Amino acid sequence: MYRPGKFLSTCLVLSTTLFLIFTAGCAGVSKQLEPHPMQPQAPNLSPPLFALREMDMHLHAGLERTAPLDQWIDAAVADGRKVVIALDHRELYDMSAEEYEAWLAENKFPKWYPMGAAGKQVLMDDLALLRKRKDVTVFRGWEIWEGELDEGLDPDAMRLAEVIGWHISSNGDPPPSGEMLLKRVRQILQVQEEFPVPMIVFHPFTAGISRVQKDARKAGKDPASLTAEDYRFFGPGEQDELALLLRGKPVYIEISQGQARCMENPAMRAALIADIKPLAAAGVQFTVSTDAHGFESLRHRFEPEVYCAPIGVTPQNTNGVVRELLARRAAADRANRQASPRR
């Protein structure tokens, strides 16, 4: 049975492992990996609504905040954000009263929300109030641990969200890979039949790199010796299969800020280009994000263009989720107006 502590441990392991990745020596690349050939789709000719750095489709704004909500959003706006998905880890609201108090004391967080259904509702109400802001468009969502796709969902919480992201864990079993991602996408598409909102697969590629590093250390292998082939996420045919599954569906693949340092390592860079660029060519839609949890995460300027350009991720293939969310919100507003009695 899943417990919040397990999730928090996963997050800490992912963060620590990525730090070690960034400081590890760069492995030599014995050969340049060629992107897997895929049948391209027609390009999206609609002009993008936002530049890459103007979007943050994964900004934590709940229990882990260290400042009032408006101040936290102000910090994102100051760094250039114009559209944001503000969210929280749904799993955190499952803590018992004792676990919650211990967690607050350990992390020195203010007590913003109660646990359980009440806390989830108050959070979503707070995020909904951000619609009043004129300087940024904010959508409300959840980040949900991928294991809930196997163990059971929280439908009441999910119905409160405009968008849902699925947390891919470096500790997953099976580990992050093309095969695992195909399984999760099939599950997500099935869930969307009941919860028809846009959904995002959060940080699959950085989770995969973290797991490769972790497994290498367990085996007594120097991570600096890992090659591009060691870091490859997809096997033969899996990119084509994923692109076919996602075609025309409101499911998006996240390219998070954590990928920036990975692109500085030649082996990781070659693997990421070979894994992601063919998806972009085949019409897969992406999101960009900071995955920021606190002010420290926003200390460095968000510049996704630097690491997105080599993998084919552009404003044209990252604005799709924004268009979908704006269209859904406009439709909901029209329905509400029509349902309201006229004066």
Side-chain angles (χ1 to χ4, degrees), residues 14 35-36 38 40-41 43-44 48 52 55-59 85 87 141-146 149 163-170 172 175-192 197-211 231-235 237-260 262-263 268 271-291 304-305 307-325:
L14 177 59
H36 180 69
M38 299 177 69
Q41 290 185 340
N44 184 351
L52 292 178
M55 298 182 284
D56 190 348
M57 303 292 98
H58 186 170
L59 180 70
I85 294 174
L87 48 70
W142 289 117
E143 179 171 8
I144 302 179
W145 174 57
E146 63 175 306
L149 291 165
V163 56
I164 291 169
W166 298 96
H167 176 101
I168 301 301
S169 170
S170 63
S177 66
E179 181 181 6
M180 176 279 299
L181 185 56
L182 286 166
K183 173 187 174 181
R184 292 306 187 205
V185 166
R186 291 190 183 96
Q187 291 174 306
I188 290 167
L189 291 172
Q190 187 173 3
V191 169
Q192 272 187 326
V197 299
M199 297 189 180
I200 305 168
V201 183
F202 280 158
H203 42 63
F205 301 113
T206 49
I209 285 174
S210 294
R211 181 58 174 266
Y231 284 117
R232 282 301 305 272
F233 191 85
F234 291 108
E238 291 175 342
Q239 290 157 299
D240 301 270
E241 191 173 352
L242 179 63
L244 186 60
L245 278 175
L246 293 177
R247 189 163 297 164
K249 303 294 195 302
V251 177
Y252 307 85
I253 306 297
E254 180 186 62
I255 306 298
S256 66
Q257 190 174 22
Q259 197 162 306
C262 296
M263 292 292 286
M268 296 177 199
L272 289 167
I273 291 172
D275 281 328
I276 302 172
K277 195 168 185 178
L279 297 179
V284 171
Q285 298 293 296
F286 301 91
T287 65
V288 291
S289 72
T290 63
D291 192 5
E305 295 83 359
Y307 55 89
C308 284
I311 57 177
V313 174
T314 67
Q316 284 72 22
N317 58 25
T318 52
N319 269 265
V321 67
V322 180
R323 294 182 191 280
E324 175 75 14
L325 287 166

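Note that this is a predicted model, so its numbers are computed, not measured. Values reported hereafter were calculated over all heavy atoms of this structure, with side chains retained and with hydrogens, waters and symmetry mates removed. For reference, positions follow the sequence shown, starting with 1.
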Once you round to the nearest 0.5 Å, how far does CG of Leu182 lie from CD of Glu241?
4.5 Å

Under 6.0 Å from the CD atom of Glu179, do we count more than 12 heavy atoms belonging to anything else shown?
no

For Asp56, which residues count as a salt bridge (charged side-chain N to carboxylate O under 4.0 Å, His left out) partner, sequence neighbours excluded?
none

Between Glu324 and Pro198, what is the shortest heavy-atom contact and its length?
CG-CG, 3.3 Å

Out of Val197, Thr287, Ile200, which residue meets the side-chain contact (heavy atoms from CB on, under 4.5 Å) rule with Val163?
Ile200

I'd like to check Leu246 versus Ile253 (side-chain heavy atoms, cut-off strictly below 4.5 Å). Are they in contact?
yes

Taken to the nearest 0.5 Å, the spacing of Glu143 CD from Ile85 CD1 works out to 11.0 Å

Between Asp275 (side chain only) and Phe233 (backbone N and O only), is there a donor and an acceptor less than 3.5 Å apart?
yes

What heavy-atom pair brings Ala207 and Ser170 nearest, and what distance separates the two atoms?
O-CB, 3.5 Å

Could you work out, with side chain to side chain donor-acceptor pair (under 3.5 Å) as the rule, every residue matching Ser289, not counting sequence neighbours?
Glu254

Rounded to the nearest 0.5 Å, the SG atom of Cys262 sits from the OH atom of Tyr231 at a distance of 8.5 Å

Is the His58 ring parallel, tilted or perpendicular to the Phe202 ring (thresholds 30°, 60°)?
parallel

Nearest-0.5 Å distance, CG of residue Asp291 to CE of residue Met57:
13.0 Å

Do Trp142 and Leu87 touch side chain to side chain, with heavy atoms closer than 4.5 Å?
no

Residues which pass salt bridge (charged side-chain N to carboxylate O under 4.0 Å, His left out) with Glu146, listed by chain and number, not counting sequence neighbours:
Arg184

side-chain contact (heavy atoms from CB on, under 4.5 Å) for Leu245 and Arg186? Distances and angles first, verdict last.
CA-CA 8 Å; Leu245 278 175; Arg186 291 190 183 96; 3.9 Å; yes

What heavy-atom pair brings Ile273 and Pro310 nearest, and what distance separates the two atoms?
CG1-O, 3.8 Å

Quick one: pull up NZ in Lys249 and CG in Leu244 and give me the separation to the nearest 0.5 Å.
8.0 Å

Any donor and acceptor pair, going by atom type alone, linking the side chain of Gln239 with main-chain N or O of Ala274 inside 3.5 Å?
yes

Rounded to the nearest 0.5 Å, how far does CZ of Phe234 lie from CG of Asp240?
10.0 Å

Please find the pair of heavy atoms, one from Asn317 and one from Gly312, that lie closest to each other, and give the distance.
ND2-O, 2.9 Å

Compare every heavy atom of Ala280 with every heavy atom of Ile311, then report the nearest pair and how far apart it is.
O-CB, 4.0 Å

So do the side chains of Gln259 and Val313 get within less than 4.5 Å of each other, counting heavy atoms only?
no

Starting from the C-alpha separation in whole Å, work towards a yes-or-no answer on side-chain contact (heavy atoms from CB on, under 4.5 Å) for Phe286 and Thr318.
CA-CA 5 Å; Phe286 301 91; Thr318 52; 3.9 Å; yes

Do the side chains of Pro304 and Ile255 get nearer than 4.5 Å, heavy atoms only?
no

Contact between Asn319 and Met55 at the side-chain level, heavy atoms closer than 4.5 Å - yes or no?
yes

Of all heavy-atom pairs linking Met263 and Leu272, the shortest is SD-CD1, 3.7 Å

